[in-house]
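A, B, ... follow the sequence lines: proteins, then strands. Residue 1 opens every chain. Because the structure is a prediction, the values reported are computed rather than measured.
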2 protein chains.
Amino acid sequence: MTDALLARPAPRKRNAEATRAAILEAAKSQFALLGYDCAVLRDIAREAGVDVALVKRYFGGKEALFVEALRASFVGDGMRGWDRATIAQELATTLAGSPHEDEARTHRFQFLLRAATSPTTAPLLNVLVHDRFMDPIRQWLGGEDADARARVFAATYIGFLVERLVRGEALHGRERQVFIERVTAVFAGLMTDEAAGA
Amino acid sequence: MTDALLARPAPRKRNAEATRAAILEAAKSQFALLGYDCAVLRDIAREAGVDVALVKRYFGGKEALFVEALRASFVGDGMRGWDRATIAQELATTLAGSPHEDEARTHRFQFLLRAATSPTTAPLLNVLVHDRFMDPIRQWLGGEDADARARVFAATYIGFLVERLVRGEALHGRERQVFIERVTAVFAGLMTDEAAGA
DNA sequence: CCATGAAGTCAATGGGCGTTGACATGCGCC
DNA sequence: GGCGCATGTCAACGCCCATTGACTTCATGG
């Protein structure tokens, strides 16, 4: 028989840093996709091309890994480049699409959403939500009563994320168009600090 | 020794209907609180005062029980009595409060939310979301492009529910006031079928 | 009063998953 | 070159949970 049958599946280079990073990356992905409870260490390890035991060596356990992945998912590249003039429509267009496009930007927020709605992980979030989510939004919005407006803005955004998650696919035709118009209007309205004409 | 020690914990009356109902009630409660993945049949059974095996007898399994609990959680008492003139502010005021007030109404939505954000159960939702949630909103909204507007309305509403859930407590003072103003404005804007001035 | 079946109980099974510790192996330092 | 630590691999263990089937007990109709 050929030694192909005997060959191990690539003996993996010895590189602690790279391994650790690979695990973390896979964890971010799986946790965002499945949430804490449904994500499985074995799958995370496989996605990272690593043995499960290494998760313990490098992170200590599932929960510790989750916390680290959570923190790492909220590096503050947040809304730095958001342009006031166009962002409302950009967001609206993105939200009209399918959850499978735009993985990069959505990923972090989906992570947050999953974490927030699982009873296991929700307690871990309160601090982080403020520091990495609410606060940036608040600062970006600026103006009067930024706290309250940030709450409304964030809530609205989360709502649209959930809607898109449930919808599962992109909108089309006139429905898409109207959806985008309306969502744009909502965001735009929340960006100004003038009291809305209720 | 007294025979209190020998007494079984109330031999349970034989009543199929009542048992079934008790299980269903406990299921609704647990699933809403914990979500599908974290809820445990043993706990549901205990809360219902019933043996686990009966869950299988009456419902077939965990997933089937979940589906039934889901359907039962969406009795259509929905937005029947909503008054166009005041509902926006009513909703906003409720949403500014704590999730612990208004348990009755919140419960169903929490169930929906948990179900929507768990990858296990999300697929089961699409139909139901349309029939019991989107459709009523769509009909209630009426007017042009009701589909798209219903999506936006529903998404927004869900977003505020999540925000309130994460927040955990009522808002106070000026923040509360501004929050209510803004949310009212958002809802009011979504109720009209004139294209918003974006 | 007994046979029959429904309602309820109990113990066991099997699979999945996080965790663990023992073992192998490559890398750098003396 | 060879020792020793760091890195990686492997094979369990133990727990939790849904599911299952066999057993017990109650109620009803003949």
Side-chain angles (χ1 to χ4, degrees), chain A residues 3 5-27 29-31 33-70 114 118-121 124, chain B residues 3 6-27 29-31 33-70 118-121 124:
Chain A
D3 51 5
L5 291 176
L6 304 174
R8 302 289 183 75
R12 179 155 196 88
K13 278 213 174 155
R14 300 203 159 214
N15 183 341
E17 259 184 69
T19 303
R20 210 189 122 94
I23 294 175
L24 197 60
E25 205 54 38
S29 158
Q30 289 287 308
F31 282 138
L33 202 61
L34 298 173
Y36 179 80
D37 307 298
C38 293
V40 169
L41 283 192
R42 286 181 161 81
D43 289 345
I44 293 177
R46 184 178 323 133
E47 185 175 324
V50 150
D51 190 277
V52 204
L54 291 184
V55 172
K56 178 195 166 151
R57 192 193 290 296
Y58 285 112
F59 296 92
K62 188 182 186 182
E63 186 170 320
L65 173 62
F66 178 82
V67 172
E68 197 132 347
L70 192 57
R114 287 262 141 83
S118 159
T120 320
T121 53
L124 304 170
Chain B
D3 51 5
L6 303 174
R8 302 287 184 77
R12 179 153 197 90
K13 279 219 174 148
R14 297 198 163 216
N15 182 341
E17 260 184 68
T19 303
R20 211 190 123 92
I23 294 175
L24 198 59
E25 206 53 39
S29 157
Q30 290 285 308
F31 282 139
L33 202 62
L34 267 30
Y36 180 80
D37 307 299
C38 293
V40 169
L41 283 192
R42 285 180 160 80
D43 290 344
I44 293 177
R46 185 179 320 134
E47 185 175 323
V50 151
D51 189 277
V52 204
L54 291 185
V55 173
K56 179 194 165 148
R57 191 193 291 294
Y58 286 112
F59 296 92
K62 187 181 187 182
E63 186 169 319
L65 174 62
F66 178 82
V67 172
E68 196 133 348
L70 193 56
S118 158
T120 320
T121 54
L124 303 171

K.L.:
Using atom CG of B:Asn15 as one end and atom C1' of C:dA6 as the other, report the distance to the nearest whole Å.
P.N.:
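Computing the B:Asn15:CG to C:dA6:C1' distance gives 12 Å.
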K.L.:
Rounding to an integer number of Å, can you tell me how far B:Arg20 CZ sits from C:dG8 C1'?
P.N.:
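Taking atom C1' of C:dG8 as the reference, CZ of B:Arg20 is at 16 Å.
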K.L.:
At what distance, to the nearest 0.5 angstrom, does CZ of B:Arg46 lie from CG of B:Asp51?
P.N.:
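So the gap between those two atoms works out to 11.5 Å.
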K.L.:
Contact between A:Ile23 and A:Arg20 at the side-chain level, heavy atoms closer than 4.5 Å - yes or no?
P.N.:
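When only atoms from C-beta onward are counted, A:Arg20 and A:Ile23 do not touch, as no gap falls below 4.5 Å.
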K.L.:
Specify the separation, in whole Å, of atom CG of A:Leu41 and atom P of D:dC13.
P.N.:
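In whole Å, D:dC13 P lies 20 Å from A:Leu41 CG.
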K.L.:
Using the side-chain hydrogen bond (donor to acceptor under 3.5 Å, both in side chains) criterion, which residues pair with A:Ser29? Sequence neighbours excluded.
P.N.:
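Expected list: A:Glu47.
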K.L.:
Want to settle it: does B:Val40 or A:Ala53 sit nearer the 5' end of DNA chain D, counting the closest nucleotide to each?
P.N.:
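Looking at the nearest nucleotide for each, A:Ala53 comes out on the 5' side.
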K.L.:
First locate atom SG of B:Cys38, then atom CG of B:Asp43, and finally report the distance between them rounded to the nearest 0.5 Å.
P.N.:
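Going from SG on B:Cys38 over to CG on B:Asp43, the span is 11.5 Å.
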K.L.:
Is there a side-chain contact between A:Tyr58 and A:Leu24, using heavy atoms and a 4.5 Å cut-off?
P.N.:
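Side-chain contact under 4.5 Å: no.
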K.L.:
Pick base, sugar-phosphate or nothing for A:Val52, based on heavy-atom distances below 4.0 Å to the nucleic acid.
P.N.:
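Here A:Val52 touches the bases of the nucleic acid.
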K.L.:
Just the rounded figure in Å: distance from C1' of D:dC17 to CZ of B:Arg46.
P.N.:
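B:Arg46 atom CZ is separated from D:dC17 atom C1' by 13 Å.
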K.L.:
To the nearest Å, give me how far apart CZ (A:Arg42) and P (C:dG15) are.
P.N.:
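My rounded result for the distance is 14 Å.
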K.L.:
Without decimals, in angstroms, what is the distance between B:Leu54 CG and C:dT9 P?
P.N.:
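Rounding to the nearest Å, CG of B:Leu54 and P of C:dT9 are 6 Å apart.
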K.L.:
So B:Ala45, base contact, sugar-phosphate only, or nothing? Heavy-atom distance under 4.0 Å.
P.N.:
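Since no nucleic acid heavy atom lies under 4.0 Å of B:Ala45, the category is nothing.
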K.L.:
Closer than 4.0 Å, any side-chain N/O of A:Thr19 to the OP1 or OP2 of D:dT7?
P.N.:
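So the side-chain polar atoms of A:Thr19 never come under 4.0 Å of the phosphate oxygens OP1 or OP2 of D:dT7.
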K.L.:
Counting only heavy atoms and a strict 4.0 angstrom limit, can you tell me which residues of residues 56-67 of chain B come near DNA chain D?
P.N.:
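Within residues 56-67 of chain B, the residues near DNA chain D are B:Lys56, B:Gly61, B:Lys62.
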K.L.:
Would you mind telling me which of C:dT9, D:dT7, D:dC17 lies closest to the side-chain atoms of A:Arg14?
P.N.:
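The listed nucleotide nearest to A:Arg14's side chain is D:dT7.
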K.L.:
For A:Lys62, give me all partners under side-chain contact (heavy atoms from CB on, under 4.5 Å), at least two apart in sequence or on another chain.
P.N.:
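Once residues adjacent in sequence are excluded, the partners of A:Lys62 under the side-chain contact (heavy atoms from CB on, under 4.5 Å) criterion are A:Phe31, A:Tyr36, A:Leu41.
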K.L.:
Roughly, in whole Å, what's the span from CG in B:Asp51 to P in D:dG21?
P.N.:
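About 16 Å, once rounded to whole Å.
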K.L.:
Ignoring hydrogens and geometry, is there a side-chain-to-backbone donor-acceptor pair from A:Arg114 to A:Leu33 under 3.5 Å?
P.N.:
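A pair under 3.5 Å: yes.
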K.L.:
What is the distance, rounded to the nearest whole Å, between atom CD1 of A:Ile23 and atom C1' of D:dG8?
P.N.:
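Going from CD1 in A:Ile23 over to C1' in D:dG8 covers 11 Å.
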